[in-house]
K.L.:
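Input: one structure, supplied below.
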Amino acid sequence: MLEFLTAFAILVGIYSVFALGLNVHWGYTGLFNIGVAGFFALGAYAAALLTIRPPLSNQGEDYLYSGDLANRLDSLPVVGVLDLWFVAALVAASLVAAAVALVVGTITIRLRGDYLAIATLGIAESVRLVFLNERWLSNVSRGIYTIPRPFGDIVAPQDYDRVYLVVVLVVFVVLFAGIRALVHSPWGRVLRAIREDEVTAEASGKHVFRFKLQAFVLGAVIMGIGGALYAFNFRAISPITFTPLLGTFIIWAMLVAGGSGRLYGPIVGAFVVWGIWSGSQFLPNVVERLPEAVGAPVLDALESVGLPNIRFFAVGVLVVLVLLYAPDGITPGIVRLRERLAGRMRRRARA
Amino acid sequence: MASAILRVRGLVMDFGGVRAVDNCSLNVDEGSITGLIGPNGAGKTTLFNLVAGFHKPTTGRVTFRDERIDGLPSYLIFRKGIVRTFQIPRELKRMSVLENLMLVPSDQLGESMWRAVAARWLVKRQERAIEAQAREVLEFTGLSEVADLPAEGLSGGQKKLLELARTLMAKPRMVLLDEPGAGVNPTLLRRLVGGIRRAREELGITFLIIEHDMGLVMRLCDHVIVMSEGSVLTQGAPAAVQQDDRVVRAYLGD
Ligand SMILES: Nc1ncnc2c1ncn2[C@@H]1O[C@H](COP(=O)(O)OP(=O)(O)O)[C@@H](O)[C@H]1O
Ligand SMILES: [Mg+2]
């Protein structure tokens, strides 16, 4: 159980990072990025390729690029002990995502909003297809594996998840603190103004293009870092991870469910959506315990529809419900609830 | 004779086949409150868009304080001191009235990503100064009570006042107001007129005002320019313009 919860918390943390990046794009600036998977994949592959060991040619793995950074830095005094190759991998993931965002953004952000949407979608698919087809770069659909573990020699392998949970939390908290400072600053105020009405921001003397480009690159960098965290968690990545459904849709669902443009929206959304997602794997077990007469047909239905589809369906239903009944996401509701409880406690204390 | 702060020469703007502004030339005197009138579709709003850099003119020149500004991006024209409002208010809906104003000052330290994170103390200090300035402008325009409300909650008239407040927040040399009086109730209208007059007297701001309400134009303006079919039909003192047959005919669509 503890292992399950640890693995769950790690993924909530990683998906919170992606949703945090999307919140910078859509939540605060109104940039319609429907290619999150592209920056996710770029970050994951950049981090993985920089750190993996060279492939063994006698096993038929003949991709060419492997930074082998973890191995090479290991013997250095401070750098090796602190596993600074991990930091280098996060930086590499950031830089690759930033470079692509800078190019795509410079070309499309000046144009109407839909062009950015089309461009991000196109980039995401192109990135995935490149990794799927270029053996020398990415070992095609077999993917890249034996990605090293940061701080892997502190504990026994079976306890490693606990260490990695701390790593993910530290990275998340640093990013979250940075974003919080930014969105509450005059810089964040300009972004929100652009989201509300670009023309008014223009009439208030703001160089809208510059701010949008900065926000686009920042969000992409955060997504790239999320990709790196993802790669080190599973230690293996392949293009199947970066399909629009798994790499973009689910992250949008998290942001919308949690509350777009809210500081805590990404965390709340990642928790709820990932809860539904990973909880649904127990669905067959639950159904099996039902009386035979009810359970058997349901189980048949489950089998014929397929668990992955049911998961997407459940997440889709959640998004629709949120859009219908809490268009600002779940987070404002939680805030109101907390305020109401606090008010009741105060009244009780007075009485 | 006061000198012209704004000169427009031979300005043309084509939208596809429509020539919205057609060889338009005019001057606006420094420190004046100049009215810009003319029938619907005369090209007044388009002229504002051209002067403020929201469209690039097809041909022609715009000079502000003896410097050419046509074709410059709007944020640079803003920095030279020209600020415009919108015929239909475009408030930042889900931001407070105060935030709508605090956005406006240029070159805020905290607009740099780096300093927003690394020099928070300096940014906070500047924020306090900007907030004080914004509250002053709210006081000036009579919007103090609604400072912390989301701007979408304002009445139509209050939104018009917020448009004026936004321009004042910029410490402009010249303000372009697009129909500031349309749909504003008499109480708010008096406040608006008072605000414009005081801004000219106390701050030396030049106003160019598009307005359909001739009563308001007569009360407010020193000089009136009449546009029709994209160019200047006539101009002069408000009373003289009102008597002009050509103006009446232009309005009647003759
Ligand atoms: N962005 C635009 N695209 C196409 N046509 C426009 C645009 N803006 C204005 N026009 C046209 O230009 C003409 C002048 O419009 P406008 O400047 O709004 O007039 P006014 O403000 O004097 O009523 C109208 O015929 C209008 O339809
Ligand atoms: Mg108009």
Side-chain angles (χ1 to χ4, degrees), chain A residues 24 26-30 94 98 101-102 109-110 174-222 259-262 265 327-329 332, chain B residues 48-49 52-54 73-86 88-96 98-120 123-124 126-127 130-131 150-152 162-163 166-167 169-172 176 178:
Chain A
V24 172
W26 175 248
Y28 289 109
T29 323
S94 306
L102 199 60
I109 282 178
R110 278 179 213 275
V174 169
L175 293 175
F176 183 81
I179 295 299
R180 192 174 64 172
L182 279 171
V183 300
H184 289 152
S185 76
W187 186 78
R189 187 162 60 215
V190 177
L191 298 195
R192 280 180 290 131
I194 291 170
R195 174 192 72 191
E196 293 299 304
D197 191 331
E198 208 172 309
V199 178
T200 308
E202 199 94 40
S204 303
K206 303 307 169 201
H207 189 3
V208 167
F209 170 75
R210 201 185 107 213
F211 286 98
K212 282 169 93 171
L213 188 60
Q214 288 176 346
F216 188 57
V217 171
L218 176 68
V221 162
I222 295 171
S260 174
R262 310 247 160 200
D328 292 337
Chain B
F48 271 21
N49 280 326
F54 285 72
S74 57
Y75 72 95
L76 288 182
I77 293 179
F78 177 97
R79 286 175 185 215
K80 296 195 184 298
I82 300 181
V83 186
R84 60 87 56 93
T85 66
F86 297 100
I88 298 157
R90 302 187 73 136
E91 73 288 354
L92 304 166
K93 291 186 171 22
R94 290 179 293 170
M95 293 167 70
S96 73
L98 187 67
E99 279 185 304
N100 267 260
L101 296 189
M102 288 182 67
L103 171 75
V104 176
S106 290
D107 295 318
Q108 300 184 27
L109 285 175
E111 283 181 1
S112 130
M113 280 176 81
W114 171 245
R115 270 175 296 193
V117 175
R120 282 160 84 174
V123 170
K124 282 237 171 69
Q126 194 184 47
E127 281 283 275
I130 292 172
E131 185 181 336
E152 63 187 335
L162 179 58
E163 289 275 319
R166 173 158 49 69
T167 67
M169 194 67 197
K171 299 194 171 150
L176 314 176
D178 199 341

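Computed from a predicted model, the values in this text were never measured in an experiment. Letters A, B, ... mirror the listed sequences (proteins, then strands); counts begin at 1.
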K.L.:
Please look at B/E127 and chain A and tell me whether the side chain, the backbone, both or neither of the residue comes under 4.5 angstrom of a heavy atom of that chain.
P.N.:
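Only the side chain of B/E127 comes within 4.5 Å of chain A.
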K.L.:
Which residues in residues 179-187 of chain A have any heavy atom lying under 4.5 Å from a heavy atom of chain B?
P.N.:
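So far as heavy atoms go, A/A181, A/L182, A/S185, A/P186, A/W187 are the residues that approach chain B to under 4.5 Å.
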K.L.:
Given that the side chain runs from C-beta out, which part of A/L218 has a heavy atom under 4.5 Å from chain B: side chain, backbone, both or neither?
P.N.:
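The side chain, not the backbone.
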K.L.:
Need one label for B/F78: side chain, backbone, both or neither, based on atoms under 4.5 Å from any heavy atom in chain A.
P.N.:
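Contact with chain A is through the side chain of B/F78 alone.
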K.L.:
Heavy-atom distance under 4.5 Å to chain A: side chain of B/V104, backbone, both or neither?
P.N.:
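Backbone plus side chain of B/V104, per the 4.5 Å heavy-atom cut-off to chain A.
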K.L.:
Quick check: do B/Y75 and A/V208 have side-chain heavy atoms less than 4.5 Å from each other?
P.N.:
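No. Closest side-chain heavy atoms not under 4.5 Å.
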K.L.:
Between B/R120 and chain A, with a heavy-atom cut-off of 4.5 Å, which part of the residue counts as in contact: side chain, backbone, both or neither?
P.N.:
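It is the side chain, since no backbone atom gets that close.
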K.L.:
Which atoms of B/M102 come close to chain A, meaning under 4.5 Å heavy atom to heavy atom: side chain ones, backbone ones, both, or neither?
P.N.:
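For B/M102, backbone and side chain are both near chain A.
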K.L.:
Should we count CG of B/L76 as having more than 12 external heavy atoms under 6.0 Å?
P.N.:
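Yes, enclosed.
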K.L.:
What part of B/R94 gets within 4.5 angstrom of chain A, counting heavy atoms only: side chain, backbone, both, or neither?
P.N.:
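Both backbone and side chain.
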K.L.:
Compare every heavy atom of A/A203 with every heavy atom of B/R84, then report the nearest pair and how far apart it is.
P.N.:
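Heavy atoms only, the tightest pair is CD-CB, 4.3 Å.
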K.L.:
Please walk me through it: do A/R192 and B/L92 pass side-chain contact (heavy atoms from CB on, under 4.5 Å)?
P.N.:
CA-CA 9 Å; A/R192 280 180 290 131; B/L92 304 166; over 6 Å; no
K.L.:
Report which part of B/E99 has an atom under 4.5 Å of a heavy atom belonging to chain A: side chain, backbone, both, or neither.
P.N.:
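Both the backbone and the side chain of B/E99 come within 4.5 Å of chain A.
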K.L.:
Is the backbone N or O of B/L103 less than 3.5 Å from a side-chain atom of A/S204, with the two atoms forming a donor-acceptor pair by type?
P.N.:
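Pair absent, no side-chain N/O of A/S204 close to backbone of B/L103.
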K.L.:
Mind checking whether A/T200 and B/E91 have side chains closer than 4.5 Å, heavy atoms only?
P.N.:
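Answer no - side chains too far apart.
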K.L.:
Among A/H207, A/K206, A/R189, A/R210, whose side chain to side chain donor-acceptor pair (under 3.5 Å) with B/E111 holds?
P.N.:
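Exactly one candidate clears the test, A/K206.
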K.L.:
Once rounded to the nearest 0.5 Å, what's the spacing between atom CZ of B/R90 and atom CD of A/E202?
P.N.:
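That separation rounds to 10.5 Å.
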K.L.:
When you look at CZ of A/R110, are more than 12 heavy atoms from neighbouring residues, nucleotides or ligands closer to it than 6.0 Å?
P.N.:
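Not buried by this count: 12 neighbours or fewer within 6.0 Å.
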